[in-house]
Amino acid sequence: MAMRRIGVLTSGGDSPGMNAAVRAVVRTAHTHDIEVMGIRRGYNGLINGDIVELGQSMVNGLMARGGTMLYTARCPEFMTKEGVEKGRDTLKYRGIEGVIGIGGDGTFRGLRDLAECGVATFGIPATIDNDIACTNYSIGFDTACNTAIDAIDKLRDTMQSHERCSVVEVMGRRAGHIAVYVGIAVGANAILVPEHKLDFERDVFEKIRYARNHGNTHFIIIVAEGAGKAIDVAAEIKEHIGMEPRITVLGHIQRGGTPTARDRVTASRMGKHAVDMLMAGKKNRVVGIIDGNLQDFDIFTALDMKRELQDSMYETAVVLSLSR
Ligand code: ADP
């Protein structure tokens with residue numbers, strides 16, 4: 001029998017465009033004549049029964065809003081068998097037959113555990129880090145990069161006036177996608193990512209010296225948070241080059257803001273796809289965009305995939321950073 005009611009949740013770190021995905025889920029469900037329940041605060045909502053009906057009017061005006069109207073939170077209890085079983089029981093009690101989870105790998109692990117309890121699930125990748133393996137693109141990445149670029153452009157103006165060095169820490173605990181994209185886009189002198197073992201002499205000092213010998217009077221170094229702390233990188237530069245870098249940690253600013261066209265459109269496409277596929281009887285899958293095309297992958301397979309930093313992208317960043 002066809003489903004009549006599904007649930008949607010956002011979990012893990014938020015990212016701009018999550019709201020657009022929730023809106024797409026609600027709108028698409030409406031055309032299939034099914035109800036959507038909003039599960040609030042990630043998996044906590046499943047455990048506590050913190051669930052509200054999402055009517056059509058509740059997603060009006062949501063497209064342009066950053067953050068997530070469903071709230072998000074970590075939920076350690078859902079990492080236990082009892083927690084997952086509580087979640088399954090809540091769903092049964094509320095007559096919710098399928099769950100769409102919007103978030104990162106942790107969120108998908110929760111969905112996988114629900115799937116093992118017999119719940120139909122679908123995952124939508126949303127994380128500014130863009131580190132989900134089964135998709136070339138995760139919702140929020142473009143907005144986060146643009147926010148960082150905007151901030152660094154402003155920094156550059158003042159660094160240029162004062163002929164200074166700036167070390168900017170961007171997000172990316174395990175992945176350097178933001179650092180590389182942003183580094184290319186702002187023309188950074190050096191870009192440090194967790195995927196490449198750091199050699200200060202080669203990756204930082206030599207580049208600054210080279211840039212200085214070629215007429216640069218101000219310098220921008222981008223550090224992914226997973227590659228090291230801006231404050232430590234600045235201390236090394238001070239010790240070995242003699243400059244006193246200014247430090248900027250962009251932090252959570254990168255997670256907010258109104259989503260860009262790319263994030264709105266991607267979130268809309270993915271949200272619609274997830275509902276259409278659930279209605280077509282597919283389940284326990286994660287949406288991905290590969291070479292611009294929507295696809296979906298088995299959730300177990302998706303979780304086993306490994307995402308890597310594109311070599312050509314890193315090489316472009318290195319070549320264009322005015323170094324040898
Ligand atoms: P993200 O989804 O952005 O990767 P987290 O790793 O913080 O974020 O995971 C978000 C939530 O997903 C966790 O707080 C927890 O509720 C759930 N989760 C994460 N890992 C697991 C797991 N192994 N089993 C069940 N639930 C999990």
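Both counts, for ligands and for their atoms, begin at 1 and track the order of listing. We number each residue from 1, following the sequence as shown.
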For residues 236-251, dump all side-chain donor-acceptor pairs below 3.5 Å to protein atoms at least two apart in sequence or in another chain.
{"residue": "His240", "atom": "ND1", "partner": "Glu236", "partner atom": "O", "Å": "3.1"}

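- Nearest residue to atom 17 (C) of ligand 1 from Gly106, Gly87, Ser138, Gly12 is Gly106 (criterion: closest heavy atom).
- Proximity to Cys75 (heavy-atom distance under 4.0 Å) selects the following atoms of ligand 1: 13 (C), 14 (O), 15 (C), 16 (O).
- Taking a cutoff of 4.0 Å between a charged side-chain nitrogen and a carboxylate oxygen, Asp14 and Arg255 qualify as a salt bridge.
- Relative orientation of the Phe200 and Phe205 rings is parallel, given thresholds of 30° and 60° on the angle between their planes.
- Numbered from 1 in the order shown, with element, the atoms of ligand 1 that lie under 4.0 Å from a heavy atom of Arg74 read 5 (P), 7 (O), 8 (O), 14 (O).
- Shortest non-hydrogen contact noted between Ser321 and Ala188 is CB-O, 3.2 Å.
- Using a 4.0 Å cut-off to heavy atoms of Gly110, the atoms of ligand 1 that qualify are 25 (C), 26 (N), 27 (C).
- Only one option out of Asp142, Asn130, Asp263 pairs with Tyr137 in a side-chain hydrogen bond (donor to acceptor under 3.5 Å, both in side chains); it is Asp263.
- Counting the atoms of ligand 1 from 1 in the order shown, those under 4.0 Å from a heavy atom of Gly13 are 3 (O).
- At a 4.0 Å heavy-atom cut-off, ligand 1 touches Tyr43 through the side chain alone.
- Contacts with ligand 1 closer than 4.0 Å are made by heavy atoms of both the backbone and the side chain of Thr107.
- Counting protein heavy atoms only, atom 20 (N) of ligand 1 is closest to Met79 CE, 3.4 Å.
- Residue Pro76 has no N or O atom closer than 3.5 Å to an N or O atom of ligand 1.
- Using a 4.0 Å heavy-atom cutoff, Ser11 is listed among the residues neighbouring ligand 1.
- None of Thr72, Asp50, Thr68 except one satisfies the side-chain hydrogen bond (donor to acceptor under 3.5 Å, both in side chains) rule with Arg40; the exception is Asp50.
- A side-chain donor-acceptor contact under 3.5 Å links Thr10 to the backbone of Tyr71.
- Annotation for ligand 1: atoms under 4.0 Å from non-hydrogen atoms of Arg109 are 20 (N), 21 (C), 22 (C), 23 (N).
- Ligand 1 lies within reach of Asp113, whose nearest heavy atom is under 4.0 Å from it.
- Ligand 1 places these atoms under 4.0 Å from at least one heavy atom of Asp105: 4 (O).
- Aromatic ring orientation, Phe78 versus Tyr43: parallel (interplanar angle below 30°, classes split at 30° and 60°).
- Set against the non-hydrogen atoms of Gly104, the atoms of ligand 1 under 4.0 Å away are 1 (P), 2 (O), 3 (O), 4 (O).
- In this structure, Glu201 pairs ionically with Arg209, as a charged nitrogen and a carboxylate oxygen lie closer than 4.0 Å.
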